[in-house]
Amino acid sequence: MADDRFHVYDTTLRDGAQQEGLNLTVADKLAIARRLDGLGVGFIEGGWPGANPKDTEFFSRARTELELKHAQLAAFGATRRAGVKAADDPLVAALRESGAPVVTLVAKSHDRHVELALRTTLEENLAMIRDTVSHLRAEGQRVFLDAEHFFDGYKSNPAYALEVVRTAAEAGADVIALCDTNGGMLPDELAEIVHAAVGTSARVGIHCHDDTGCAVANTLAAVKAGATHVQGCANGYGERSGNANLFTVVANLQLKRGYDLVPRESLAEMTRVAHAISEVTNVTPNSHAPYVGMSAFAHKAGLHASAIKVDPNLYQHIDPAQVGNDMRMLVSDMAGRASVELKGRELGYELTPEHTKDLVARVKDLESQGYTFEAADASFELLLRDTVQGERKRHFEVESWRVIVERTKGGELVSEATVKLHAKGERIVATGEGNGPVNALDRAVRFALEQLYPELAKLELIDYKVRILEGTHGTDAVTRVLITSSDERAEWATVGVAENIIDASWQALEQAVTYGLLRAGRDAS
Ligand SMILES: [Zn+2]
């Protein structure tokens, strides 16, 4: 079990699941809980048993299906209804019977909410807290209290808000989590109010929403003011603008503030965990997410390229490996003079200043059309050769190509391609069949050229990626195709961009074959 001095409390399965468009099955929730436990969080709030049948099922299945190594499950629920005993309230009974070692009770701490939403007296609200907390404690569960609308409540009636904190702590609640339920707080004011709550000598936690874009900053400010329990959601899921992103909070506290919250090996899995949870929720990962986003350590700084190569730490705030991420050098990295020179040297070319200038201009122009050279080294090298050698001689010239996709009577889809090429003074017409149009084109072009270049028999298309790039600056959307090829000894990638997906594929294919021939030592004649 995790150290109890500081709590990392996840509420993805309850509060995070409120995100628009998110719909988690019980199996999804169990899968997410396993990932969070693997990361090393201390508490996983599973939902509201008794109020939601799916959550009742989650807790019952969790008993037999979840083997948690670090985390404890928490059941979420409300204090008893006004005017009944906690022991007689069926919703409190559902919390008791959930089997969760921890119960997190939500309670009103804003005087106007007590009167208008709960329709009871301020005194009865305190009695509900006192009675429910002490009842569950007596039944053997650990109790935390979520003080709902605490910050707005404090601003409306500070004495009453603090009285809620005091009452819960005296009744035996271990943590009073102060909730910025509407998410409207800013760090400085929030910190002052947390400080006041800490002054009651209750153990204070923090639960923030991101409506001001400050959920993580507010959480850190609360910790600085004395909170020792942080709540948040995986990937910042949650309704409206989301909850505090628990991954960002943990990484910040552990790497910047020296807290020992999760095992170092687990922190190094954080990027993987974040993406694995996105797979379960089916929410596209935010590539710009701090620490775990695809772009979190991606550099496009052409000017800085050479310095980055000498010492990457000059341009990054942490070593990305600490959170399982990688530094990436992007396309425009190529567009810097220094990096183009370096890349040319790496490929065995000494570039003159004119060549470098010319190549930088070409790369920039092609990038603006949607090409990317970061992942397409072979295309970059062909471009470099064109620049250095003038328009290089072609191994083959294309007269035309066409592809037919046919759905047969039996419902089978077959593709057939015909290519017409000129090579070594001959006109060659060849056809190829395949399970898809690109596969058929690939076969056709190789049949056409294999008699002249037998080494093409070894060439294989091993990966094919397609992306639709949204139009920019008034242009239409285009398709980018990346093809990875292999000749048994090495792999290389080429890129094509066009409005039509087959056209883009053809470009990448033509370059893949050309590069394969160059690799085999074939000069075009
Ligand atoms: Zn919330």
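When a ligand or atom number is given, it counts from 1 through the structure's own listing order. Please read these numbers as outputs of a predicted model, since none were measured by experiment.
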Residues forming a ring-ring contact (aromatic ring centres under 6.0 Å, His included) with H110, sequence neighbours excluded: H113
Pair listing, side-chain hydrogen bond (donor to acceptor under 3.5 Å, both in side chains) test, anchored in residues 211-226, at least two apart: D211-R240
Heavy-atom pair of closest approach, residues Y154 and A196: OH-CB, 3.5 Å
Flag if over 12 foreign heavy atoms under 6.0 Å of NE2, H195: no
Number of protein N/O/S atoms that sit closer than 2.8 Å to the Zn ion (ligand 1): 3
Charged N-O contact under 4.0 Å between R35 and D37: no
Qualifying salt bridge (charged side-chain N to carboxylate O under 4.0 Å, His left out) pairs, either residue in residues 73-89, two or more places apart: R80-E124, R80-D131, R81-D89
